[in-house]
Number of protein chains: 2
Amino acid sequence: MAMKALSRATIYQVAQLAGVSIATVSRALRDSDLVTQATRERVLAAARELRFTPSRPARSLAEGRHAANGIVFPDLVGPYYAEVVLGYEAAAAGFGSSVLILATNGRPDAEQAVRDLAGRVDGLTVMGQTVGDDVVDELQATGLPLVLLARDPVPGVDTVRAQNTRTARELAGHLVAHGHRKFVFLGDPGSAPDIAGRYAGVQAGLTAAGVARAHLVPLPGFDLEVGEAADIGDADAVVCANDEIALGVLLAAERAGRRVPEDLAVTGWDDLLAARFAGLTTVRQPMRELGATAARWLHRRITQPGAGAKRRILPTQLVVRRSCGSHPPEEVAT
Amino acid sequence: MAMKALSRATIYQVAQLAGVSIATVSRALRDSDLVTQATRERVLAAARELRFTPSRPARSLAEGRHAANGIVFPDLVGPYYAEVVLGYEAAAAGFGSSVLILATNGRPDAEQAVRDLAGRVDGLTVMGQTVGDDVVDELQATGLPLVLLARDPVPGVDTVRAQNTRTARELAGHLVAHGHRKFVFLGDPGSAPDIAGRYAGVQAGLTAAGVARAHLVPLPGFDLEVGEAADIGDADAVVCANDEIALGVLLAAERAGRRVPEDLAVTGWDDLLAARFAGLTTVRQPMRELGATAARWLHRRITQPGAGAKRRILPTQLVVRRSCGSHPPEEVAT
DNA sequence: TTGAAAGCGCTACCAA
DNA sequence: TTGGTAGCGCTTTCAA
């Protein structure tokens, strides 16, 4: 038996109270210009009196659209995804679309959850390693407008990413210039395309500089604790997949009595607020802008179906602070 | 004219392909046990072949429920709200409910946006100063299950909050014990009940310690920049409404050549990751738990209507670091 | 300018 | 165990 969660007034009651038909109520409420001013006022008054709010499911069913879109992101840990999602919401709100969020972090039924979500929205942004390309293809086959975010492109689908490889290369070069030679990369390139790009860039930068490749330590996660527990061996430079890992390494180094940057260089990625206060050299990503761009593109796809697939790589920026080696003060960002 | 955003298969097509009625399809899909195994398999095969996903609006309309709930939060700035929302999502996912998010930050049509949202969900969590109590009352009058989060209680509505006043009092006492006497409070108590509670607690603590009341500087916001620009006069202790403001004060102090904590004590609120690395004394809030509790309570309200209104104040914890005055090392948290 | 009525796609009741 | 069918509340023709 259906459990009625809502017991709100319906258009029929408004119509009755206003002494008109439901068609007229509908018109008056959606300010169609096919209603007399007098009629409209009568209807609005009745609606107000009954605290009428149109049923969204009924409306969606009749209109064939949801007036909502969704974003799927991998994990809840850390400020990175949060910022992206918040940038997304702000942009989506701008064109009157509700936002549904779905975190797939270690959810066993992620694929099904995404499919369910797909049934509630006019379009979907899929971020990072949440579901496989097979699911993306499947969604695309249903004609659902899609945008990929921080994820490898799929033919025919819009993709928004941040620059990874190139800036990672720059970072590696910078570290080599500081005199570092024994590199470790902390993070699992297989866990996300972003990380793979950073890893590739670092190796490319080292190779270009004629330095031995970094030793890869594929950590099982991306948070502070994982960084603290990481075994960095006798490296003199630790390039971390993100800031949280790097901050963990910083804490561990301090405990172990290794000075940063004198004994050990450490770098992160994301430029979290904490990086600034930890003096951590890192790479700034336009997180809000990533989310906002995805939302805008999705809206375009929904309203203008058939447009060609777009791809964009948003620039990232090396932020040099203390942790990578000593600099004249004026060169160091805060 | 209705723009069909979705062109997915319907239950009728599945029924036809499987050679059964739509009623049977419905049953087979919702694994009612009133279908033969053979029939079910035939239906499922047909559904798979057509990539059938039930229309959520149709389902919601027929069932009279949305299988979704929403959370309204004030602002996107900073990691605080993000953490709360993420805790909320995780808990809601636990009982199979989709989550809609709505940020009211400076939105002129916030009230209407909340009303619209209310039409899409089985229940709503309203956080902080997003909309007035009149809107809350109005929502409650429609019978929509509601939970208030970090907000002053309204009769008949569940409320989840964090401890503010008491811990603020403790914080004030701690600062006085360090010898500080000229206090400034940075932040606007009128902007949110949380802030009002912290302000009241600080004043109460100072009064109890026989120290002059803090000078109130009601800042226009809660971010780093606002903190950096704040005029703290000749205070020797600055109690900030949140960590971001405090971090801004730290930066400004450094630029002005004032040493912390020797010349100036600074405290925050939230215990962001950055606070740890800035050596900032602050108060830790159970942000994820706030969100998760709200989600759980809302679920309870939805599934068990008529339960009495609950209230809970989650404990917060003073985290002493360097910025409030000198301590023996072992007393200081990291 | 308004009303009547046919869907939108599904659930669940009532018969068979 | 299945099918027929009456809604769920709204939008949008088509007539009046």
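Per chain, numbering begins at 1; letters A, B, ... match sequence-line order.
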task = For the pair A/Glu89 and A/Arg288, find out whether any cationic side-chain nitrogen is under 4.0 Å from an anionic carboxylate oxygen.
result = no

key: B/Thr36 side chain near D/dT2 phosphate (N/O to OP1/OP2, under 4.0 Å)   = yes

remark   = Considering only heavy side-chain atoms of A/Ala23, the closest of D/dT12, C/dC10, C/dT11 is D/dT12

task = Please round to 10 degrees the angle between the axis of the first five pairs and the axis of the last five pairs in the helix from C/dT1-D/dA16 to C/dA16-D/dT1.
result = 40°

query = What's the verdict on salt bridge (Lys or Arg N to Asp or Glu O under 4.0 Å) for A/Glu289 and A/Arg161, showing C-alpha distance, side-chain angles and the deciding distance?
reply = CA-CA 10 Å; A/Glu289 193 52 30; A/Arg161 284 173 295 176; over 6 Å; no

request  = Taking only the side-chain heavy atoms of B/Leu34 (C-beta and beyond), determine which of D/dT2, D/dG9, C/dA4 contains the nearest atom.
outcome  = D/dT2

request  = May I have the step-by-step check of side-chain contact (heavy atoms from CB on, under 4.5 Å) for B/Leu86 and A/Phe73, ending in yes or no?
outcome  = CA-CA 11 Å; B/Leu86 296 179; A/Phe73 45 92; 4.1 Å; yes

request  = Can you figure out which of D/dT11, C/dT2, C/dC10 approaches the side chain of A/Ile11 most closely?
outcome  = D/dT11

request  = Verify the distance criterion only: is there a donor paired with an acceptor across the side chains of B/Thr293 and B/Arg312 at less than 3.5 Å?
outcome  = no

Listing time: all N or O pairs from protein to nucleotides 14-16 of chain C that are below 3.5 Å?
none

ask   = Nearest to the side chain of B/Tyr12, which nucleotide is it out of C/dT2, C/dC10, D/dG3?
value = C/dC10

task = Please determine, by modelled atom types, if A/Tyr81 and A/Asn105 share a side-chain donor-acceptor pair under 3.5 angstrom.
result = no

request  = Decide whether A/Ser98 and B/Arg120 meet the rule of one side-chain donor and one side-chain acceptor closer than 3.5 Å.
outcome  = yes

request  = Answer yes or no: does a side-chain N or O of A/Ser26 lie under 4.0 Å from OP1 or OP2 of D/dT11?
outcome  = yes

Protein-nucleotide distance (B/Leu29, atom CG; C/dC10, atom P), rounded to Å = 9 Å

ask   = Has A/Arg56 got a side-chain N or O lying under 4.0 Å from the OP1 or OP2 atom of D/dC10?
value = no

ask   = Can you check the A/His66 NE2 to D/dG9 P distance for me, whole Å?
value = 19 Å

query = So, is B/Thr39 close to the D/dT2 phosphate, meaning a side-chain N or O under 4.0 Å from OP1 or OP2?
reply = yes

ask   = Think A/Ser55 has a side-chain N or O under 4.0 angstrom from the OP1 or OP2 of D/dG9?
value = no

message = So for atom CD, which belongs to A/Gln16, do other residues, nucleotides or ligands contribute more than 12 heavy atoms lying within a distance under 6.0 Å?
response = no

Value in whole Å for how far the C1' atom of D/dG9 lies from CD of A/Gln16 = 15 Å

key: N/O (side chain, B/Thr24) to phosphate O (OP1/OP2, D/dT2) under 4.0 Å   = no

request  = Provide the closest heavy-atom pair for A/Ala110 versus A/Thr130 in the form atom of the first, atom of the second, distance.
outcome  = CB-O, 4.3 Å

task = Report the distance from atom CD of B/Glu63 to atom P of C/dC13, rounded to the nearest whole Å.
result = 12 Å

request  = Send over the distance from A/Ile22 CD1 to D/dC10 C1', rounded to a whole Å.
outcome  = 7 Å

key: Value in whole Å for how far the C1' atom of C/dG7 lies from CG of B/Leu61   = 12 Å

message = Can you measure B/Arg120 atom CZ to D/dC10 atom P for me and round it to whole angstrom units?
response = 14 Å

task = Report yes if at least one side-chain N or O of A/Arg30 is closer than 4.0 Å to OP1 or OP2 of D/dT11; otherwise report no.
result = yes

ask   = Just checking, any donor-acceptor pair under 3.5 angstrom between side chains of A/Ser60 and A/Arg56?
value = yes

message = Using the salt bridge (charged side-chain N to carboxylate O under 4.0 Å, His left out) definition, which of the options B/Asp194, B/Asp158, B/Asp133 pairs with B/Arg151?
response = B/Asp133

query = Should A/Ser60 be listed as having a side-chain N or O under 4.0 Å from OP1 or OP2 of C/dC8?
reply = no

request  = Using whole Å, report how far CZ of A/Arg65 lies from C1' of C/dG9.
outcome  = 18 Å

